[in-house]
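Residue numbering restarts at 1 for every chain, and letters A, B, ... go by the order of the sequence lines. Everything numeric here is computed off the predicted structure, so don't read it as measured data.
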Amino acid sequence: MKVSDLEIDPRIAELLAEEGIKKLYPPQAEAIGPALEGKNVVMAIPTASGKSLVAYLAVIQSVLRKGKALYIVPLRALASEKYEDLKAFESLGIRVGVSVGDYDAPDPTLEKFDVIIATSEKADSLLRHRAHWLKELSVVVADEIHLINDPGRGPTLEVTLSKLKQINPRAQILALSATIKNSNEIAEWLNADHIASDWRPVPLKEGVFYEGEISFEDGTKKSVADCGDDVSSLVLDVVKEGGQCLIFVNTRRSTEALSGRVGMHLKDILEPTSSKELAMLSRKLQSRQDEPTSLGARLSRRIRYAAAFHHAGLTNGQRKMVEANFKSGLVKCIVATPTLAAGINLPARRVVVRDLTRYDPNYGNVPIPVMEVKQMSGRAGRPQFDTEGEAILLAKKPGDSAFIMENYLLSEPESIDSKLGQRPALRMHILSSIATGHVRTEEELKSFIESTFFAQKTDFWTISDIINDVLEFLTEEDFIEAGEGYKATFFGKRTSDLYIDPLSAVTLRKALGGKSDTAFAYLHAICATPDVPTLYLRRGDYEWVEELAANEEYLIDYDDYDDYEFFLAEVKTAALLQSWIEEESADAITKRFGVGPGDIRRWVDMAEWLMHSMTELSRIFDKSKSRTLSALMPRIRYGVKKELLDLVSFRGIGRARARSLFSHGYKTREDLKKADVKDLSRLPLIGTTIARNIKLQLGGSVTIEEEEKMGGQSILHDFQAE
DNA sequence: TGTCATCCGTTATAGACAGCATGTC
DNA sequence: CTATAACGGATGACA
């Protein structure tokens with residue numbers, strides 16, 4: 001089917017033609033009809049087979065007819081990917097905005113945008129804050145809807161869609177899914193046309209590798225030259241033919257070890273020119289302006305030989321760097337944990353799945369679901385570059401080969417299932433429903449639950465006991481009042497708005513009744529909430545954590561714990577945050593706590609969010625604590641001692657530069673006012689740009705152009721500093 | 001004596017979302 | 001009810 005035959009605005013067709021899109025893939029062709037007619041559609045087709053294009057077209061079509069769209073994605077990184085895609089249509093007068101936790105579109109009302117891209121949590125949060133434009137939506141896109149299956153985040157997506165459906169029954173819903181067994185049930189739930197297909201733009205060959213030979217699912221075989229290491233052999237094989245390779249393993253440590261090994265083999269076959277470029281890139285990485293860490297150094301060493309590793313311990317900057325250099329073709333191989341399978345689109349000619357099990361603390365190593373393996377395999381084959389993609393699963397023992405063939409290659413992905421029936425999910429979502437007034441009576445609560453995917457497969461009454469428990473809990477803890485129907489208390493409303501687990505709110509309230517007033521006590525309190533996951537206790541940790549635990553004060557005492565280990569894990573987590581605000585170097589934290597620099601960032605983010613919540617709750621329960629709490633906030637954000645707070649308020653100045661200024665005698669705003677740009681720019685970590693920036697910000701009479709230039713520069717700096 | 005290969009017991013384990021400030025028609 | 005890659009120290013082989 002040709003794009004020009006579609007009943008769409010000719011300008012859209014023109015734009016698509018510019019992008020080189022003239023024909024639709026078969027599953028797209030099948031979906032586009034109902035999608036443009038405004039019908040609900042569920043598309044279950046493999047990744048990178050053009051699901052999004054159908055959604056884009058429906059969205060644009062609707063917007064051109066004065067509609068408004070919400071595009072829900074699971075990851076912040078995907079939000080910016082979609083944003084970039086949709087921006088291509090801005091010339092049609094479509095205004096696209098992004099709204100995710102750490103970054104909101106410049107216009108806070110979001111109202112003036114025609115398309116708003118949000119994570120599912122943000123969409124939920126927008127509903128909680130009663131954003132009225134949600135009632136005006138004409139289209140809702142739910143990307144990766146199979147994530148409803150995720151026990152942690154699935155219920156949010158499910159509830160958000162259910163609420164949107166109730167608030168705004170006329171809005172068209174487009175749900176995009178990976179291939180799953182029961183996508184038809186999703187379609188049923190959403191009252192949608194169901195389109196399922198295995199079609200891929202680049203054909204995929206799947207196979208098992210064992211002892212030097214790949215056995216493909218179609219019966220063909222291919223032998224691979226052995227270089228002494230299974231995985232490296234597979235990498236060399238494809239790189240020699242000009243391809244790239246993506247390898248999935250199940251631990252972070254393995255990504256680093258394997259990428260090192262692969263690199264040792266790769267280095268012999270690299271072209272001299274790319275070898276030179278890699279050396280440059282590697283050096284550039286080491287001289288980056290952000291805090292040097294041993295992980296960064298290791299990454300830089302691996303990059304030198306065209307093999308990189310990728311996992312959630314990397315900073316965002318490092319991840320982007322790895323991804324970009326793989327896309328450009330310079331990096332030949334990435335060894336990654338599953339982060340990469342769920343994240344942005346990063347195809348390679350060959351995908352190797354080395355580990356088919358994952359560690360579970362309760363059961364040891366358990367097999368990973370077929371759906372996940374398919375998701376990883378789906379990254380094989382770059383449209384427009386490769387004629388076919390190869391997904392190769394590794395057999396380690398003689399019997400594995402047959403097992404893998406049968407249980408993975410020839411197996412259908414599993415069915416997905418709602419996880420809304422679980423207590424924590426219900427706690428959170430029942431409260432928010434009551435707090436926003438979406439649900440006011442038992443009757444309405446029932447009808448709301450019955451509108452979810454959960455209820456489609458499970459009878460309401462099977463969980464009515466849990467629901468009653470949850471309602472009782474919410475009442476007892478003073479989140480809601482049961483009178484004539486349900487009503488949220490102020491505490492309940494704040495909890496819902498702050499987007500924390502009600503259980504967290506209970507913990508924080510309790511902490512606010514405590515006597516201590518040390519930074520550590522507050523940090524521990526937030527680490528004691530279910531919203532902040534604790535660090536693992538490693539064998540060597542017990543001694544120092546116990547000692548530390550004994551010497552600190554608490555708002556929540558360890559007498560309250562059944563499980564001492566639990567408490568110690570919280571103490572360890574609080575200790576990480578403490579080290580951060582005491583300006584311990586990133587690398588030292590990395591080593592002491594066994595985390596990556598990216599993990600530090602994540603925990604700091606969570607701490608900021610929870611500390612903010614605690615500050616807000618202190619206004620209700622104990623105003624005397626508000627001062628200490630709000631003083632702690634910027635310290636957490638920037639990772640600095642009190643004395644640097646003045647300096648860190650400048651754009652472009654973080655913990656490292658602030659410390660540099662301070663230790664050279666520039667301790668306050670006043671000191672900087674008196675300082676000379678030349679002197680400043682001679683300090684370590686501070687160049688002429690930064691020095692001028694500081695002066696500019698001190699200036700007082702900053703013109704708009706200068707302000708803009710400054711903003712631009714500081715954005716540049718932020719990017720580098722990541 | 002130094003270097004490398006091999007063996008063996010020990011160790012640690014994937015991922016990542018959310019709040020808020022502020023002004024204008 | 002369920003595992004295993006990677007590391008580090010110890011030992012052994014060889015120049």
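- Taking atom CD of residue A/E121 and atom P of nucleotide B/dA16, one finds them 12 Å apart after rounding to whole Å.
- The distance from atom CD of A/E616 to atom C1' of B/dA18 is 14 Å, rounded to the nearest whole Å.
- Mapping A/R76 and A/E372 onto DNA chain B by nearest heavy atom places A/E372 at the nucleotide closer to the 5' end.
- You'll find the side chain of A/R358 reaches within 4.5 Å of the side chain of A/E372, heavy atoms only.
- When side chains are defined from C-beta on, A/R252 does not count as touching A/F309, because their heavy atoms never get closer than 4.5 Å.
- Looking at heavy atoms from C-beta onward, A/L629 lies in side-chain contact with A/M611 at the 4.5 angstrom threshold.
- Taking atom CG on A/L314 and atom P on B/dA14, their separation rounds to 13 Å, with Å as the unit.
- Atom CG of A/L110 is separated from atom P of B/dT22 by 17 Å (rounded to the nearest Å).
- Listed pair A/H129 / B/dC20 meets the phosphate criterion, a side-chain N or O lying under 4.0 Å from OP1 or OP2.
- Taken together, the paired segments of DNA chain C that extend over three or more consecutive Watson-Crick or G-U pairs, each closer than 3.5 Å at both contacts, are B:1-13 with C:3-15.
- Side chains of A/H265 and A/V235 form no contact here, defined as non-hydrogen atoms less than 4.5 Å apart.
- Remark: A/T339 is not in phosphate contact with B/dA16, judged by side-chain N or O atoms under 4.0 Å from OP1 or OP2.
- Within the shown strands, nothing qualifies as a pairing partner of B/dC17 under the Watson-Crick or G-U definition with both distances less than 3.5 Å.
- Nearest to the side chain of A/Y363, among B/dA18, B/dA12, C/dC1, sits C/dC1.
- For the pair A/F326 and A/H310, the minimum side-chain heavy-atom distance is 4.5 Å or more.
- Under a 3.5 Å cut-off, the side chain of A/S254 and the backbone N or O of A/N250 do not form any donor-acceptor pair.
- Looking at heavy atoms from C-beta onward, A/T590 lies out of side-chain contact with A/L295 at the 4.5 angstrom threshold.
- Judged by ring centres under 5.5 Å apart and planes tilted less than 30 degrees, A/W609 stacks against the six-membered base ring of B/dA18.
- A/N407 places none of its side-chain heavy atoms less than 4.5 Å from the side chain of A/L356.
- One can place CG of A/L498 at 14 Å from C1' of B/dA21, the figure rounded to the nearest angstrom.
- Of all non-hydrogen atoms in A/V595 and A/I589, the two that sit nearest each other are CG2-O, 4.3 Å.
- The phosphate of B/dG19 (OP1 or OP2) has a side-chain N or O of A/K122 nearer than 4.0 angstrom.
- To the nearest angstrom, C1' of B/dA12 lies 12 Å from OH of A/Y542.
- A/D541 places its CG atom 12 Å from the C1' atom of B/dT11, with the value rounded to the nearest Å.
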Inset, instruction - Please step through side-chain contact (heavy atoms from CB on, under 4.5 Å) for the pair A/Y305 and A/V262, ending with a clear verdict. - result: CA-CA 9 Å; A/Y305 300 127; A/V262 169; over 6 Å; no
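- Counting non-hydrogen atoms under 4.0 angstrom, A/D497 reaches the backbone sugars and phosphates but no base.
- Residue contacts shown for A/M614 are absent, as no nucleic acid heavy atom lies under 4.0 Å away.
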Inset, instruction - Sugar-phosphate means primed atoms, P, OP1 and OP2; the rest is base. With that split, encode nucleotides 4-9 of chain C 5' to 3' as B, S or - using protein heavy atoms under 4.0 Å. - result: SBBS--
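- Annotation: of the two residues near DNA chain B, A/R539 and A/D531, the 5′-most nearest-nucleotide partner is A/R539.
- Close to B/dA14, at under 4.0 Å from its OP1 or OP2, lies no side-chain N or O of A/R358.
- C/dA6 and B/dG15 are spaced 16 Å apart, taking the P atom of each and rounding to whole Å.
- Spacing between B/dA14 and C/dC7 at atom P, rounded to whole Å, works out to 14 Å.
- Per the geometry, CG belonging to A/L157 stands 12 Å off C1' belonging to B/dC17, to the nearest Å.
- Within the 4.0 angstrom heavy-atom criterion, no nucleotide atom of any strand lies near A/P361.
- Rounded to whole Å, the P atom of C/dT4 lies 26 Å from the corresponding atom of B/dA16.
- Checked by distance alone, A/R538 brings no side-chain donor or acceptor within 3.5 Å of a matching partner on the base of B/dA12.
- Both distances falling under 3.5 Å, in either a Watson-Crick or a G-U wobble arrangement, occur for no nucleotide opposite B/dT22.
- The shortest side-chain heavy-atom distance between A/S259 and A/R298 does not fall under the 4.5 Å cut-off.
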